[in-house]
Structures are given as C-alpha cells and as structure tokens.
There are 2 protein chains.
Amino acid sequence: MGEKRTPSGFLLKQRAFLKLYLITLTEQERLYGLKILDLLRQEFKPYGYRPNHSEVYKALHDLIEDGILQQVKRKKEGMKYQEVVYYRFADGGYEKAKRYKRQLKAELDRCAALIRKAIEDNFS
Amino acid sequence: MGEKRTPSGFLLKQRAFLKLYLITLTEQERLYGLKILDLLRQEFKPYGYRPNHSEVYKALHDLIEDGILQQVKRKKEGMKYQEVVYYRFADGGYEKAKRYKRQLKAELDRCAALIRKAIEDNFS
DNA sequence: ACATGAACACAATGTTCATGT
DNA sequence: ACATGAACATTGTGTTCATGT
C-alpha cells in the first residue's frame, strides 16, 4: 500500500539542481522570480537548457518549506506600485543551505562520474 | 488539446542512457534481459545507480520499435527447456544504432558540461 | 526459482489558467 | 505587459501482477 518509492539513483533531478542555484544566487544578489528565470535561461542557453517559470517557483517554494529561504515583498526598483517577491535566508536557513549545498556537491560529483563512465564505456 | 510537450533540455533521461548501453552490449556479447540487468547493476553499483528490470525491458522494446534491435529466442545455455530472449541488430539496425550513438555522445557531452558548470558556478 | 512482459501507480515536470499590479 | 502562483496534463519511471519455463 503506502510504500515509499525508492529512486533508482540515476541522475539528479532538475528541481534539486535549481534549488542549488537559487541558494547561490541568494548568497550573491537580490533577485525575484522572473528575473532569476531570465538569468538562468541566459546562463544555460549555450547548454540547451531552458527552465520554465513553474519549476523556478516550485524550487523557491521548496526552499521555503525546507526552512532555508523566506520571502521579502518589496516594491520593484523604480516602480511605484508593483510589488515583487525577493528572497533572503530564513533564521538558521544559511546553515541549512550550506548543508544542502554540501549534499548537492556530492550528487554532482557522482553524476559527473556516471556520465564520464558512460562516455568511456560506450565510446572507446 | 493534443499539444506537444517541449522538453526543457535538462539532463538526459534514464531510458536513453540505457538504450545506449544496450546497443553497446549488443555489439559485444550476446546476453538476455535479466543477465543484462545483473551486469548493469554491478557496473553501476559504485555509482549509486541501480536500474530496475522494467526500465531495461522498456529500453529493449524501444530499440526494437526504433528498428535497431530484433529478438532471437533461444534455449538458455545448458538448459533444456527454458527459452530466453537474446538480441541482435535488425536489418539496417546497425546503421541506425551508430546514428543513435552519435546523438547520445553529443547529449552526454552536453550533460557533462552542464554539470561541470554547476560545480563551477556553485562551488568556487 | 528465473524470465519476460504488461498493468498500474506515483513522481517529475511542462502547460495553462487565475489573479493582481 | 509583467509577476506570482495554482491547477491541470503528460511523461518518466518504480512497483506489482500475470504468465510461462
């Protein structure tokens, strides 16, 4: 019945990948949802990856649920009325963020190794 | 509405990854479904990846639909009665296989680059 | 028990709709 | 038009069931 589904451990999921970037972006500059989306699309364009807006929002919401980020509603630069949602680390969130990043580093290394192996095994 | 779903172009899918290995295994040794599964699980164990039997069968069936492989039902080594399903390249399948592998090589290179970038962007 | 395969169920993620500025 | 978010739909994949040796 309500059994857990055990992942097979293939490559990391897009959601986790985005969460990692969102944490790093929060460490660096203050941005809001759609601006982040623009930025990521530009960054990844040469890599053929174009995330969509929902994934970014869902990743942000995940990070809130994880207790890592919190929202800050602010007036958009220059705009009088339009309010947008910026993010900063929640109380104790920075520690959690560092832990999450450590995990993801291991995951990325694992994925890199898996792909390297596939290239060796199939193209040598 | 029967609209197509455009993939965002994140990492490659498990199915494609397995199809690549199945082609290469077909070039090398004659194996059947569950033996292939055993082999792959052993190979990937150090990488934390453990495919399940359904994915392997689905990948094999995909390759048949693609016109790349065909089934050969044969008695299992030593066994008198048990028939198992081996695979070989279908007519013209080897050419298709080479084309598929070329594509996958590009995909794997792309994924490797994406992961390398993520490591640089988030851990430097 | 091993082997193959289909059916089913849940998870990941892309698309559309709703709401407001 | 931009921005946020939820709802919905489809794909990807893990689990279970069916059938036969």
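Within every chain, numbering begins at 1; the chains are lettered A, B, ... in the order of the sequence lines, protein sequences first and strands thereafter.
A salt bridge does not link A:Lys117 to A:Glu120: none of the charged nitrogens lies less than 4.0 Å from a carboxylate oxygen. Comment: B:Glu83 does not engage B:Arg74 in a salt bridge, judged by the lack of any side-chain N to carboxylate O separation of less than 4.0 angstrom.
For A:Lys58, whose side chain is taken as the heavy atoms from C-beta onward, the closest listed nucleotide among C:dT4, C:dG14, C:dA9 is C:dG14. Nearest nucleotide to the side chain of A:His53, out of C:dG5, D:dA6, C:dT13: D:dA6. The listed nucleotides are D:dG5, D:dT13, D:dT15; the one nearest the side chain of B:Ser54 is D:dT15. The listed nucleotides are D:dC2, C:dT13, C:dT4; the one nearest the side chain of A:Leu34 is D:dC2. Distances from the side chain of A:Tyr32 to the nucleotides C:dG14, D:dG12, D:dC2 place D:dC2 closest.
Applying the 3.5 Å distance criterion, the base of D:dT15 shares no donor-acceptor pair with the side chain of A:Thr6. For B:Arg5 and D:dT10, a side-chain-to-base donor-acceptor distance below 3.5 Å is present, hydrogens and geometry of angles not being considered. In this model, no side-chain donor or acceptor of A:Arg15 finds a partner on the base of C:dT13 within 3.5 Å. With hydrogens and angles ignored, no donor-acceptor pair closer than 3.5 Å exists between the side chain of A:His61 and the base of D:dG5.
The separation between B:Leu60 atom CG and C:dG5 atom P is 8 Å, rounded to whole Å. If you measure from atom CG of A:Leu18 to atom C1' of C:dA12, you get 12 Å, rounded to the nearest angstrom. The CD atom of B:Gln14 sits 9 Å away from the C1' atom of D:dG14 (whole-angstrom rounding). For the pair B:Ile64 CD1 and C:dG5 P, the interatomic distance rounds to 7 Å; values are reported in whole Å. Residue B:Leu11 contributes atom CG, which lies 14 Å from atom P of C:dA12 at whole-angstrom precision. Distance CZ (A:Arg74) to P (D:dC2): 23 Å, rounded to an integer number of Å. At whole-Å resolution of the value, CD in A:Glu55 and P in D:dG12 are 14 Å apart. Here C:dT4 presents its P atom at 11 Å from CD of B:Glu83, a figure rounded to the nearest Å.
Each of A:Val85 and A:Pro7 has a nearest nucleotide on DNA chain D; the 5'-most of these lies closest to A:Val85. Mapped onto DNA chain D by nearest heavy atom, A:Gly9 and A:Tyr87 fall at different nucleotides, with A:Tyr87 at the one closer to the 5' end.
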I'd like to know whether A:Asp109 forms a salt bridge (charged side-chain N to carboxylate O under 4.0 Å, His left out) with A:Lys105, so could you lay out the CA-CA distance, the side-chain angles of the two residues, the decisive distance to 0.1 Å, and finally the verdict. CA-CA 6 Å; A:Asp109 287 342; A:Lys105 176 63 165 57; 2.8 Å; yes
Would you check, one step at a time, whether the test ring pair (Phe, Tyr, Trp, His ring centres under 6.0 Å) holds for B:Phe10 with A:Tyr47? CA-CA 9 Å; B:Phe10 186 53; A:Tyr47 299 84; over 10 Å; no
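A:Phe89 and A:Tyr94 have perpendicular rings, their planes meeting at more than 60° on a 0 to 90° scale where under 30° would count as parallel.
A side chain to side chain donor-acceptor pair (under 3.5 Å) with B:Tyr87 holds for exactly one of B:Gln70, B:Gln71, B:Arg30; it is B:Gln71.
A:Tyr57 has a side-chain polar atom (N or O) that falls below the 4.0 Å cut-off from OP1 or OP2 of D:dT4. Applying the 4.0 Å criterion to OP1 and OP2 of D:dT4, one finds that A:Gln71 has every side-chain N and O outside that range.
When both distances must be under 3.5 Å, the Watson-Crick or G-U wobble mate of C:dT19 is D:dA3.
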